[in-house]
Amino acid sequence: DVKVTQSSRYLVKRTGEKVFLECVQDMDHENMFWYRQDPGLGLRLIYFSYDVKMKEKGDIPEGYSVSREKKERFSLILESASTNQTSMYLCASSLRARDRGKRGYTFGSGTRLTVV
Amino acid sequence: GQNIDQPTEMTATEGAIVQINCTYQTSGFNGLFWYQQHAGEAPTFLSYNVLDGLEEKGRFSSFLSRSKGYSYLLLKELQMKDSASYLCAVRADYKLSFGAGTTVTVRA
């Protein structure tokens, strides 16, 4: 079964810490995405990548950066964690545009981050 | 970004039918998706529409009208396990943009 794996299910970090969230997919997908999900706001796109070493800002990139050194791995970095970054973070992947088919994205199980 | 609206909550009885509406405004439309998300879990794919009309898949159906910027998800013969959040998502280029989700509660 195809998978998107996020390294941590729950994380608690202190304000000001540098935080790394890791995501790995085994489907050979070109596109990878990071979203955060908050009650009443739905999923909001932080960053996405359509190829190795490529990255594009989503709708809410402030306070975040990303790294994609290998095709299968896409990391989200919180440079200096703040309490307003407490959220559920979801990673997703999809095929390149012309091949992406009808399933949209495959999501990981999410990382619930609490910044105290 | 896109502007995607769907109701916040709906409640229905086991065995009944529920229709979740979604309206959107977008440029570069390239498909509309519905996802199901149980509490604490990842969203899972339910349906996809890119052309106008109805797509049926078992107990779930999804409808799209591109000219009206409108879709609905129809859940028939509701079961308790259908209690979940249902997410409407619009694709443009590489990206999916999501509505805030509709929480459906199925009562016995």
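All chains are named by letter (A, B, ...) in the order of the sequence lines, taking the proteins before the strands, and each is independently numbered beginning at 1.
- Heavy-atom neighbours of B:Gln79 CD from other residues, nucleotides or ligands within 6.0 Å: above the threshold of 12.
- When the side chains of ILVMFWY residues are joined at heavy-atom separations under 4.5 Å, either directly or via intervening members, A:Tyr35 and A:Tyr50 end up in a single hydrophobic cluster.
- Considering every non-hydrogen atom in both A:Leu90 and B:Pro43, the closest pair reads CD1-CD, 4.1 Å.
- For B:Arg107, the CZ atom counts as loosely surrounded, since its 6.0 Å shell holds 12 or fewer non-hydrogen atoms of other residues, nucleotides or ligands.
- The two residues B:Ala100 and A:Gly40 come nearest to each other via the heavy atoms CB-O, 3.6 Å.
- Heavy atoms from other residues, nucleotides or ligands lying under 6.0 Å from CZ of A:Arg112 number 12 at most.
- For the set B:Ala89, B:Ala42, B:Gly101, B:Gly31, the count of heavy-atom pairs under 4.5 angstrom toward chain A peaks at B:Ala42.
- A side-chain donor-acceptor contact under 3.5 Å links B:Tyr35 to the backbone of A:Tyr105.
- With a threshold of 4.5 angstrom between heavy atoms, A:Gln37 approaches chain B through side-chain atoms but not through N, CA, C or O.
- Cluster membership check: B:Trp34 shares its hydrophobic cluster with B:Met10, using side-chain heavy-atom separations under 4.5 Å among Ile, Leu, Val, Met, Phe, Trp and Tyr.
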